[in-house]
Amino acid sequence: MPNYKLEINEKTYKVAVAEGTSLLWVIREHLGLTGTKYGCGIAQCGACTIHVDNVPMRACVLQVENFSDGQKIKTIEGLAENSDHPLQKAWIEAQAPQCGYCQSGQIMQAAALLNENPNPSRAEIKSKMNGILCRCGTYLRIIKAIEIAASNEITSKG
Amino acid sequence: MGKLKSSYSRRDFLKSTGGVALFVGVSGILPQLVSCSSPEKIKEVLAKHPITAWVKLAENGDITIFNPASEMGQGSMTSLPLLFAEEMDADWSKVSVEFSPQESEIYGSPGWSPGSKLMFTVGSRTTNSYYMTMRQAGAQARYVLLASVSKEWNVPISELSTSKSNVIHEKSDRQIEYGEIVSFLEMPGSLPDFSEDKLKNPKDFEWVGKKINRTDIPEKVNGKAKFSIDIRLPDMVYGVIERGNLHGSKPTLLNETQVLASRGVLKLISLEYGIGIIASTLEDALATKKILSIDWSNSKASSHNSQEIYSEYEKIASRTTQGQILEEKGNVKQAKKIASKTYQADFKNDYIYHAQMEPLNAVVKVSEDLSAAEVWVGSQQGFDTKLGVPAILGIDPEKVTVHLQYLGGGFGRRSMNDFVEECATLAKEMAPLPVKLIWTREDDLTYGAYRPLSLQRIEANTDQDGNLSGFSHMVVGDGGNLVASGTNNSHYNIPNQFVEWREASNGIRLKHWRSVGHGPNKFAIECMLDEIAHDQGKDPIQFRKGLLSNSPRALATIEKVEQISNWNTPTESGRAKGVAFVEHGSLGSGVCEISVDRESGKINVHNFWVALDAGVIVHPDNVKAQMEGGIMMGISSALKEQITIIDGKVQQSNFHDYQLLRMEDIPDLIETELIASDTHPEGVGETATPMVACAIANAFLALTGKRLRHLPFTPERVLEVLKS
């Protein structure tokens with residue numbers, strides 16, 4: 001079984017798994033970072049969205065061997081110390097989640113969006129978030145939360 | 001703000017130090033107090049009684065309240081403890097919440113038969129069924145505190161009051177925090193019976209009905225919330241099952257030797273309808289699943305073709321032999337005979353799938369001697385709180401401990417135990433190793449249990465004054481109540497009504513899907529009303545107001561939605577509004593505003609307004625969230641979702657070919673107005689969803705003059721209707 005070195009949330013993990021193993025199973029089942037969720041396995045629902053070198057990607061369709069070259073992987077657990085990322089605070093303010101299962105993916109996708117564009121229009125939010133499904137139908141509150149976070153950040157940065 | 005603690009177990013309970021468990025709110029067992037700092041004493045009590053605590057109170061004032069219901073997004077982790085805290089007069093900021101053990105005799109709410117108790121999170125019954133249970137238990141807890149202070153201070157209990165976790169004696173200007181009472185807390189000889197008139201008047205509620213943050217949300221934004229799919233145990237192995245895409249088919253494995261030699265495979269387990277694989281890793285289990293070579297038998301479903309079956313259903317509907325009569329009021333035949341006009345239409349709906357975001361899964365660990373088991377699962381519970389596991393293992397229910405986890409969506413699918421029983425079957429073979437069974441999305445969709453396909457034939461009559469005099473509703477489909485519920489028209493003033501169900505049976509797995517029969521049946525009823533109003537040149541809301549004249553609460557919802565939707569103000573060009581009324585415990589009226597892309601056939605829902613009367617609103621922001629989510633699920637199912645079956649084989653497999661509503665297609669606005677009421681709370685989880693299809697079809701009729709009568713309204717169907 002080959003060994004892989006992964007940089008996740010600024011920590012180095014070593015894991016022995018078969019080549020071709022989905023990064024999602026490595027993260028969840030081997031390393032125990034279960035905040036990243038399995039929803040479809042074919043990059044259609046976005047529940048497994050993580051950041052690889054700051055780019056949002058669907059972990060379920062990534063193979064472990066392609067991400068052990070020092071790429072910086074970030075999961076929901078590493079988004080912010082003390083869970084106080086502006087989006088996490090805004091998510092609570094907007095009371096966005098219901099069942100909560102998709103929300104890690106939603107927040108990771110939104111974090112990547114705000115990194116790229118701190119003040120997105122509603123149309124941009126919808127287009128960038130379109131890949132993340134929510135069966136409970138919390139979409140309007142997710143939009144509200146992203147808008148709250150964006151406006152708080154802009155205010156705090158003057 | 002209330003917050004959460006990790007899930008509750010008897011072991012944790014024994015480990016906790018300090019504070020007191022109030023064993024109250026339990027019928028048949030005397031209330032008692034147990035000091036949590038004495039594990040021996042706790043053990044002694046537990047030997048005599050099962051854990052019966054609704055609340056734990058610590059010396060520092062921290063209060064833990066146990067939630068007996070599943071949390072699948074509907075907010076039980078907040079609304080039920082809130083009711084308890086309200087009557088206890090607890091300071092909500094000191095409250096934390098844990099799941100209660102799964103013991104229905106203790107933690108059940110009144111069931112459907114008299115005297116029965118049930119832990120079953122279905123039918124929007126959480127708040128409705130636990131409203132009195134939680135309040136009475138909270139009031140008893142408060143009484144224990146009052147009685148103890150009364151004795152300690154030697155003052156009459158009638159002179160004491162409570163506020164925000166304090167007992168107050170105004171006369172002597174003294175007050176004491178609940179936590180400080182722990183040291184001298186004792187159980188009074190008897191507890192008063194708290195009937196409703198002895199509880200708070202809803203207008204005096206301090207927390208109930210206010211803006212309260214949900215207790216479960218902080219851990220749902222940082223990845224810490226535990227769903228059963230997140231459970232990892234030492235030495236855990238993984239199970240997957242191949243079930244094929246023909247429901248009821250039996251497998252014959254053709255390459256067992258090859259499969260057993262596959263990497264990581266520990267065991268193959270044959271089920272009647274599938275082949276189970278146990279492997280040391282999930283990836284090995286999944287890789288092996290792909291190399292299975294299976295010969296599948298025919299099944300009852302083999303001849304079923306979902307899109308051709310409607311002609312069969314039409315024949316069933318046209319037969320002269322009657323089906324099962326569900327409702328008969330007045331005489332519809334007579335009404336038809338003297339009618340000045342008769343309207344008839346068939347409404348159809350295809351199969352749809354739950355698509356809860358967390359695929360089905362469970363973790364089960366069976367003891368080495370097969371005499372006991374632990375289960376970690378997200379379940380909507382059931383008549384059997386041990387979810388079928390005792391029967392699989394042939395052991396007593398007491399030997400099975402269920403650790404309830406968050407549900408990544410339920411919508412009815414998790415009220416079925418198939419996946420838990422499967423996991424127990426696998427775990428029995430692997431004892432004492434814990435087994436995590438995961439359904440892939442493909443498994444979850446293909447071997448789903450769908451909302452049934454059905455046909456609704458409506459025949460309505462009007463008299464010479466244009467009044468609706470008769471209404472006949474025939475449902476043809478499989479699944480009994482799954483298709484036949486939601487046909488009730490008691491709020492409408494229609495003198496002659498008749499409802500019947502005619503059975504069809506196709507061998508397809510079926511299950512309750514959020515709002516169950518209300519979805520298809522309200523679609524048929526509410527569309528027929530608009531077709532009649534349209535024919536008579538009447539405004540759909542004015543038409544319904546006439547029909548609801550004897551039902552003031554229902555009428556108020558129509559009047560309110562008329563107002564908040566600016567119904568009487570013309571819409572911008574290219575758009576139209578449609579209305580629908582739904583009773584599902586609570587009463588709701590909804591208005592949507594749509595436009596149609598006549599090139600592509602795509603319907604866009606721009607706005608949705610809801611007026612709701614649900615009795616006492618325990619947690620208003622959450623009720624609004626339920627309306628928002630219910631509308632979204634309604635739009636998704638009405639416009640996009642469709643399972644098709646050819647020669648018994650399910651044609652869809654994942655979210656690429658079973659489309660759900662995505663963010664780009666949501667309305668700009670969903671606005672909910674909650675109508676104030678002090679009557680017993682009614683369920684809110686399933687009132688919004690059934691409004692949607694009919695409101696959209698009614699708006700479509702207003703916009704185009706054409707009728708949408710077959711769900712879902714896919715662009716192809718819309719184009720076809722526009723061309724007709």
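Chain letters run A, B, ... following the sequence lines, proteins first and then strands; every chain starts at 1. Values below: all heavy atoms of this structure, side chains included; hydrogens, waters and symmetry mates excluded.
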Should the pair B:Arg232 and B:Trp376 be classed as cation-pi, given the thresholds of under 6.0 Å to the six-membered ring centre and 45° from the axis? no
Contact residues of [range] (partner chain B; heavy-atom separation under 4.5 angstrom):
range	value
residues 41-55 of chain A	A:Ile42, A:Gln44, A:Cys45
residues 117-140 of chain A	A:Arg122, A:Ile125, A:Lys126, A:Ser127, A:Met129, A:Asn130, A:Gly131, A:Ile132, A:Leu133, A:Arg135, A:Cys136, A:Gly137, A:Tyr139, A:Leu140
residues 4-16 of chain A	none

Does any heavy atom of chain A fall under 4.5 Å from the side chain of [X], the backbone, both, or neither of them?
X	value
B:Asp668	both
B:Ile635	neither
B:Ala225	backbone
B:Met72	backbone
B:Leu282	side chain
B:Lys624	both

May I ask you to check whether B:Tyr406 and B:Asp230 show a side-chain donor-acceptor distance below 3.5 Å? no
Could you check whether B:Glu686 and B:Ser124, counting side-chain N and O atoms only, form a donor-acceptor pair closer than 3.5 Å? yes
Can you tell me which of B:His354, B:Met632, B:Glu283, B:Met633 forms the most heavy-atom pairs within a distance under 4.5 Å of chain A? B:Glu283
Taking B:Phe411, B:Phe655, B:Tyr238, B:Phe227 one by one, which has the highest count of heavy-atom pairs under 4.5 Å against chain A?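 Highest number of pairs under 4.5 Å: B:Phe227.
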Determine which pairs satisfy salt bridge (charged side-chain N to carboxylate O under 4.0 Å, His left out) with at least one residue from residues 70-94 of chain A, sequence neighbours left out, and list them in order. none
Is any side-chain heavy atom of A:Ile92 closer than 4.5 Å to a side-chain heavy atom of B:Val221? yes
Can you tell me how far apart SG (B:Cys592) and CD1 (B:Ile696) are? Round to the nearest 0.5 Å. 5.5 Å
